[in-house]
Every structure is written in C-alpha cells, then in structure tokens.
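This one's a predicted model, so the numbers in the text were calculated from it and none came from an experiment. Chain identifiers are assigned alphabetically (A, B, ...) following the order of the sequence lines, protein sequences preceding nucleic acid strands; residue numbering begins at 1 within each chain. Side chains included, hydrogens not; waters and symmetry mates left out as well; all remaining heavy atoms used.
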Number of protein chains: 2
Amino acid sequence: MLTDRQLLILKVIVDEFVDTAQPIGSRNIAKKEQVGFSPATIRNEMADLEELGFLQKTHSSSGRMPSEKGYRFYVDHLMDPLKLTKDEIKRINKYFSHKMIELERVMENSANILSELTQYMTLVLGPEIFETKLKQVQIVPLNQHSAIAILVTDTGHVEHRSFVIPQGLDQSDLEKTVNILNEKLVGVPLVYLDRMIKKEVRGLIKQYTSDFSQAYHLLEEALLIDLPTNLYVSGKGNMLNQPEFNDIEKIKILFSMMESEEQIAPLLKSKEEGTHIFIGRENKIEALNDLSLITSTYTIGEDQVGTIALLGPTRMDYAKAVAMLQLWSKQMSQSLKSWYDEN
Amino acid sequence: MLTDRQLLILKVIVDEFVDTAQPIGSRNIAKKEQVGFSPATIRNEMADLEELGFLQKTHSSSGRMPSEKGYRFYVDHLMDPLKLTKDEIKRINKYFSHKMIELERVMENSANILSELTQYMTLVLGPEIFETKLKQVQIVPLNQHSAIAILVTDTGHVEHRSFVIPQGLDQSDLEKTVNILNEKLVGVPLVYLDRMIKKEVRGLIKQYTSDFSQAYHLLEEALLIDLPTNLYVSGKGNMLNQPEFNDIEKIKILFSMMESEEQIAPLLKSKEEGTHIFIGRENKIEALNDLSLITSTYTIGEDQVGTIALLGPTRMDYAKAVAMLQLWSKQMSQSLKSWYDEN
DNA sequence: TGTTAGCACTCTTTTCATTCGAGTGCTAAT
DNA sequence: ATTAGCACTCGAATGAAAAGAGTGCTAACA
C-alpha cells in the first residue's frame, strides 16, 4: 500500500509531467505548495515509487516521469474529476441545442469540435454497417431525362444518386419499380443490397415492367450506393504540437495508420458501454504504444450504436479528456434519442 | 543567350536536383553520359550560369542547385514533355470510364487519385458558389412525422436535409409550399437563398397556407443548407516524405494553411484557362514561397467551372506533374460535358 | 526514528576546436 | 578553348571539455 505522502508525490509528478512533458526533479516537487518535505525526503519516496513501478527515469540521473503503471494508478485512484469550464460546457451544449440532422453530420462535427476543444485527436465510429438497414427508397424525377434515387437507412443516413432515365421507360415503369423495391428491399442490410437485388428483385422486375434490361440496368446503377462512412478522424494536426511527435517518422507512422479504417475501427469496437481508458501498451496496436486512447460509447435509446474516442500522448490530460468525452457522448446520445423518437 | 552547352548543363542540374534534392557538383555532372567535358569546364559554365541567375549555391563551396529563375527557364524551354506510363494512363482512363455522378464526388476523387499518382498535394476547386443556382426543390415524406427536403443545383449538387413535419401541417400545405418554393426560388443563387426566402416567399406562404408560422419555421430549417464544399485538398501526408519538409514547423505552417479555404481558393481562381505554373515566390502567398503550384482549369462544355492543381516543392517533377494534370483536366472536362449534355 | 543537509557522482546538453571531405575558383599547362 | 592541378572555403562529423540538472548515499539532526 502506498502512503499518503507517496500518493501525493505520485499525483504531483503526473500532473506536472502532463503539463511540461519534462521529467520532474525532487527540488521542483518540493517547491509545490501542497508539499511540505525536503527534496531529500522526496528523493527517497521517489526511489520507492520507482521500485514499485509507478515512476521511471529517462537515464540514471534524470528526474522521474510516470510509467504506464503510474498513469494507470493515477487514472484509477488519484485523478481529480475535472470540472469543465463554463465556456466549454456552453460550447458543447450550444452545439447540441440545434436539431440533429443526420447521424453522419453529427459524427463529423463531433470529431471536429472535440478535437478543437481538447487538442487531441478525435475518432468517431458510427453504427455497424452490417446492421444498418434500408428503410425507404424514393425516386424523384428531375426532368425528362434524369432522376434522383434516394435511399434512407434506419440510422437516418440519406444517400442520393442522380441517374439518367433510360429511354423507353415511362413514369409508370418507374413507379412500379419503386414499389417493388420498397416491398422487397426495405429492412435489408445495406451490405446485402446488391445480392438481394440480383436474387429477389431481378425476377420481379422482369415480370412487371415493359423493358426489363433497361430497368434492371438502371437499378444496378442507382442502388449500388457506397456504404456510408463509418469512421471520422479529426485533429491529426494537433499532434504536431505535442512534443512527443517532434520526430517526423513518428508522425508519418501515425498519420498513415489513421488513413486506414481497418486498423482503427477494431480499436473502437468496444464491447462494454461507458468510458474506457487504454494507456500506452494497453493498446494492442504497436503504433499506438506510446499513446493513450479514451473511448466512450454513445447510444440511441437503448442501443449502443457507436464509439467516440480521444487519442493523445500517454502524457495526456486524462481528467479533462474524460470529462469532455463523457459530457459529449451523453449529450450526443440524448440528442440522437430525441431525434429518433420523433421519427 | 545561353550556349548549347550551358543549356545542357542547366538541364542536367535541374533533372538531377529534382531527383536527389542535393546540390550537384561539377564532378557528378561530368560523369553523366550526355556530358563530354571535364569538371573544370563545367565549373566555368556553372559560374557563368550562376552569374546569370539560373543557378545558386547553398554556401560558397557547395555544388549548384537551380534558382527559381533556373526552374522557370527549365519549365519554359528545357523540360522534356513527359510521356505518362501506360499504367498511369490506364488508371486515369479507368476512373473516367465510370459514369460521373456528382461534380462534388468527382472533385473529391480527383484530389485523392491525383495526389496518390503524383505524390504531391492536390487541390481541386469547384465552381464559384456565387454562381451556383437552385434548380429544383422537392420534399419527400418519410412517414407521418418527418420528411426530407431535397435541393438540386444547376451544377448537379444534391443537398438533402431531413426535418420534422410540424404538427398541424398537412399534405396539401406541404405541396403548396413546395410549389411556391419552386416558383419563386428556382434560378436563385444559393448564397441569396435565405434573403430570398425572407423577402419573397414569406409573404406568399402567409397568404396561402393555413398555419403560417409553422410552415415558415419549417422552411427556414430545411432550406438553410450548408453551401456545398468548394475545395478539396488531398495528399497532405505526401509532403512528409519530401526532404524540404523535414522541419516540423514548416509542416505545421503548411497544414494549417491548407485548413483555410479562404487562403487557398484565391490561388486557384485563375483567370485564364489552360495550365499554369507558379514557381516559388511567383506564388504571392508567403507560406508557399518555397513551393510550386501547377494549376489547370476544367470546363463543362464551354464554361470554365473550376481549377485542379498540384502543389509540391519547387524541386518538383514539373514534366510529370504537368502531364498528369493536363490529362486529368481534359478527361474530367469531357466526362462532365457528357454528363451535363444528358441532363 | 523519520527527516534533512551535504556532497560526490552520473548522465545529458552545450560549446568549442579539430578534422574530414566535397566542391569551388583560379592559374598554368595543353 | 579546354583541362589538370592545387589552394582555399565551408559544412558536417567527431571529440573533448564544461556546465547543469538531478540522483543516491551518508551523516547529522529533531
């Protein structure tokens, strides 16, 4: 068990290191108001804390900095739950006072605003695409020659695609087609749309419309929508300001990793709801081994639909990051709920 | 006037420097096959070329590298018009063999593909927003409570916005509203939409619909669309691989500049059609003073609607960049034309 | 017995001088 | 007109020395 004095010293070291990114020496700790002991005493305590694995040195005569175990302990037991400033709360609430339009815009905006507020990177993962289903199909004629196909999913995602109406197709053909589509495709997960079209709809269209190949071709073109983006990353540039990224090679690795949805998404697919902190090598991906990730799930009603996360150096302001993330995901969930309730 | 030998040496230096990013010494030039003179001779010629302003040294005993004037001369008179590889041409043509859907997607994809092909940054500027006009308004009911407003512009941009139907509004109110909107707002530039709604439409709605304030509120919410994005930037990460960006501060400046549409857009609003090259300080913006920008306009039919550009270090492969850009903008124009002709 | 002052020791960072090498510019020879 | 030769310049790399921050240990103190 750690003594109160050790706890205090550990806390001071973490707080100070988060602030300065420099190893902390005993003299500097002794200068702090809350600390009433001499540098020598602190050195002894620090030696003990190091032996216990909470602190580490960069070299034999350097000051101490927290180890991953130190951060973990800090996060679990020492961290002051941070009050956000009124300005920050205001800013967040202001964003959510507007009506939510589409989940995707909310995700994108969230990523942008949070990374600006925290100065870390923000990752926002949306609902499992595999579970997103088609809710409605509409075709809106623009003029004689062209029309827009509109697809709405159960997450509120709206996809539109303009296309040229094949010659020989008339209004009633279009209407019939739309009816068939709605009948057969509503409720089908987006990822199965193309298979479903081939399997079920193809035959029906042949049966009901006057010009089969035209209509079918049109269909394929209009309905093969790109799957909605599922991951938003924002604030990469912020990392350039972090001293741990003064090395261009590190930046390259991080940036290129962030381009690849396949690599990031699994990190965020957290199984349990709530807020979770992954410090350094607690992240299984090597490129993130000197970063920390804080994730928080958000919901629509009861359904946990996605994750919003902050990524920063292990030396990050955990209290602030957690506070921000929790407030944000709460507001976001509320806001999504009220929007979905109305629909 | 430069002698043939000077031209040859200048060309070799530019080509070599583009390749290696290192100042070139006389010995290395002499080693080139095409060059049949001794290092001493070359040194004399280089001294002359330097005096004329085509070459420069990094310090008094370094090799030579091209000055901006040198690049300018190279680009105007020496550059071999590069043949793209079959692979590259194939890749470009393949992209344009698909049907174009929306200008914005074309822009976005163009930025991505070109920056991958060239390893430089790509900027794509779309049509003047001020000139983009509303072409059609549609409202598609989703269910009892909500609907989607769809706005189509004359550039093919489709904007959708879901909204909640105010209680008390019935189907016929909606229809009337849409009719009024189409009558009054079609042809209005997007940037004037809100003013126009306030000025013209407000009164009419009051007159025709049973519940004025509801309908008007709905309208404001649904029609205050974000203006379509006009600028796409891609390939920022490529710059990390350029040796001229081994300094983090430079990267920060460049990246933060690229976040600001207001700063970049003016660069691309070129008045004359065709391809233009701006080398180093020929760019009026200071942050781009050691970069080069190559712009190329693209058209829809006769109308020059936008600009596509590559941004790289002054030491860039101008021949390849120009070739890529020209092929791309040509294909893009053709492709857009055929799409618009069909509409 | 817990705390602290004092001091030798360690390791990094900074500075300065030296050396090394690539490359020039000039001169003299071809 | 060209080129070989050589002194000279400057940056980059190397290394030694000094400065500075901080530790660990010992001995003294309350």
With a 3.5 Å cut-off and no angle check, do the side chains of B:Tyr318 and B:Ser292 form a donor-acceptor pair?
-> yes
A:Thr297 side chain to A:Glu273 side chain, donor-acceptor N/O pair below 3.5 angstrom = no
Any side-chain N or O of B:Ser26 less than 4.0 Å from the OP1 or OP2 oxygen of C:dT24?
-> yes
Starting at the 5' end of DNA chain D, which residue's closest nucleotide do you reach first, B:Ser38 or A:Pro23?
-> B:Ser38
Derivation and outcome, side chain to side chain contact (heavy atoms under 4.5 Å, CB included), residues A:Val322 and A:Gln326 | CA-CA 6 Å; A:Val322 167; A:Gln326 284 186 336; 3.8 Å; yes
Using a strict 4.0 Å threshold on nitrogen-to-oxygen distance, state whether A:Asp87 and A:Arg91 make a salt bridge.
-> no
State whether a side-chain donor-acceptor pair under 3.5 Å links B:Ser256 with B:Glu259.
-> no
For DNA chain C, determine which residues of residues 2-19 of chain B have any heavy atom closer than 4.0 angstrom to one of its atoms, and list them numerically.
-> none
Give a yes/no answer on whether the side chain of B:Asn28 brings an N or O atom under 4.0 Å of OP1 or OP2 in C:dA22.
-> no
B:Arg27 has an atom CZ; how far is it from atom P of C:dG25, in whole Å?
-> 17 Å
Modelled atom types, side-chain donor and acceptor of B:Ser234 and B:Asn112, under 3.5 Å | yes
Side chains of B:Tyr120 and B:Asp317, donor plus acceptor under 3.5 Å | no
Between B:Arg64 and C:dG25, does any side-chain N or O lie under 4.0 Å from OP1 or OP2?
-> yes
Between C:dG23 atom P and B:Gln22 atom CD, what is the distance in whole Å?
-> 10 Å
Under a 4.0 Å heavy-atom cut-off, which of residues 39-48 of chain B touch DNA chain D?
-> B:Ala40, B:Thr41, B:Arg43, B:Asn44
Taking the six-membered ring of A:Phe255 as reference, does the NZ or CZ atom of A:Lys236 fall below 6.0 Å from its centre and within a 45° cone about the axis?
-> yes
Contact list for DNA chain C against residues 51-60 of chain A - heavy-atom distance below 4.0 Å = A:His59, A:Ser60
For A:Pro66 and A:Gln56, work out which heavy atoms get closest and say how close.
-> O-OE1, 3.6 Å
Can B:Glu286 and B:Arg281 be counted as an ion pair, charged N to O under 4.0 angstrom?
-> no
Ionic contact status for B:Glu249 with B:Lys252, cut-off 4.0 Å | yes
When the distance from CZ of B:Phe37 to P of D:dT2 is rounded to whole Å, what number comes out?
-> 8 Å
Can a donor-acceptor pair under 3.5 Å be found between the side-chain atoms of B:Ser61 and the base atoms of D:dT9?
-> yes
Identify, between B:Gly36 and A:Gly63, the residue whose nearest nucleotide on DNA chain D lies closer to the 5' end.
-> B:Gly36
